[in-house]
There are 2 protein chains.
Amino acid sequence: MKIYYCDIEVAMQILGGKWKTQILYHLTKTPKRTSELKRLVQGITQKMLIQTLRELETDRIITRTIYQQVPPRVEYSVTELGQSLEPALRLLCQWGQNYVEETFAKGEVQILNLDKN
Amino acid sequence: MKIYYCDIEVAMQILGGKWKTQILYHLTKTPKRTSELKRLVQGITQKMLIQTLRELETDRIITRTIYQQVPPRVEYSVTELGQSLEPALRLLCQWGQNYVEETFAKGEVQILNLDKN
DNA sequence: CGGTATCCCCCTGGATACTG
DNA sequence: CAGTATCCAGGGGGATACCG
């Protein structure tokens, strides 16, 4: 039997690692294909993108849809379960923005949000 | 200049890793001394406890107070900035509990919350 | 009791090349 | 375009012993 000694472990187990939340962040607004994600999640490699997507899929946070055509088209979208994470993630985003504002001088740190969807 | 390409990176940078949120979780309710934390954060080693506490301190999420006496007494408590993370963390806790309930059969996974403060 | 100092394993995550 | 397969470095994290 798996035992957690603190209930925040559960969420962090699923959201932890370098890329999980970033991918989720971009998928929350609208489904996206692999290449779009690759572009939006700055710095991620092909391998890590696919690997992370698989893990999120296993945890039922996102789903993978294949459109049979040439060239192949695959789209990822968040499940209902994944959407239920949004309020928490949004709070974390806001907290982060606020943190940057009051911690660093102007121009020292910058947050770019690439997607305009 | 440090650049973030997604604003959730900021929070995850500070909360990421294996122990950060767990420690924060326990400190949110009431200040605690090192030995208490060592007991509450199940499985953490002395080294990782101290190391993680230092990092949280650097990021101004917690503070460290020394009471001059023998034997030495040190207490850690969350700053105002750290407290402002609570709403987000609480949502993540709730989400995790719900996730476990609807994902696993009874007895397959268990969440123990050790502290009764 | 609280903290430091080593030593070291292993796993995450990166680089690259290759398929359908 | 989407994905797989290797190979491999770095560092996060663990075990242990030792100080004030």
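Since we're looking at a predicted model, the values are computed, not measured. Quick note: numbers below take in every heavy atom, side chains included, and nothing from hydrogens, waters or symmetry partners. In what follows, chains are A, B, ... by sequence order, proteins preceding strands, each numbered from 1.
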Worksheet item: Could you give the NZ-to-C1' distance, from B:Lys38 to D:dG14, as a whole number of Å?
Response: 11 Å
Worksheet item: Can B:Leu24 be reached from B:Met12 by stepping across I, L, V, M, F, W or Y side chains whose heavy atoms are under 4.5 Å apart?
Response: yes
Worksheet item: Rounding to a whole Å, what distance do you find between A:Leu37:CG and D:dA2:P?
Response: 9 Å
Worksheet item: A:Lys32 side chain to A:Tyr76 main-chain N or O, any donor-acceptor pair under 3.5 Å?
Response: no
Worksheet entry | A:Glu9 side chain to A:Tyr5 backbone, donor-acceptor under 3.5 Å | yes
Item to complete: Measure from NZ on B:Lys20 to C1' on D:dG13 and round the result to the nearest Å.
Response: 13 Å
Worksheet item: Is there a donor-acceptor contact under 3.5 Å from the side chain of B:Ser84 to the main chain of B:Leu81?
Response: yes
Discussion item. Under 4.5 Å between side-chain heavy atoms, counting indirect links through other Ile/Leu/Val/Met/Phe/Trp/Tyr residues: same cluster for A:Leu91 and A:Leu15 or not?
Written reply: no
Worksheet entry | Interatomic distance where CD belongs to A:Gln42 and P belongs to C:dG13 [whole Å] | 18 Å
Worksheet entry | Nucleotide D:dA15, atom P - distance to CD of B:Gln51 in whole Å | 14 Å
Item to complete: Classify every nucleotide of nucleotides 2-7 of chain C by which part a protein heavy atom approaches to under 4.0 Å, writing B for the base, S for the sugar-phosphate alone and - for neither, in 5'-to-3' order.
Response: SBS-B-
Discussion item. Rounding to an integer number of Å, can you tell me how far A:Leu49 CG sits from C:dT12 P?
Written reply: 17 Å
Worksheet item: In whole angstroms, how far is the P atom of D:dA2 from the CZ atom of A:Arg39?
Response: 12 Å
Item to complete: Would you verify whether the NZ or CZ of B:Lys2 falls within 45 degrees of the ring axis of B:Tyr4 while also being under 6.0 Å from that six-membered ring's centre?
Response: yes
Practice prompt. Mind calculating the distance between CE (A:Met48) and C1' (C:dT16) to the nearest angstrom?
Written response: 16 Å
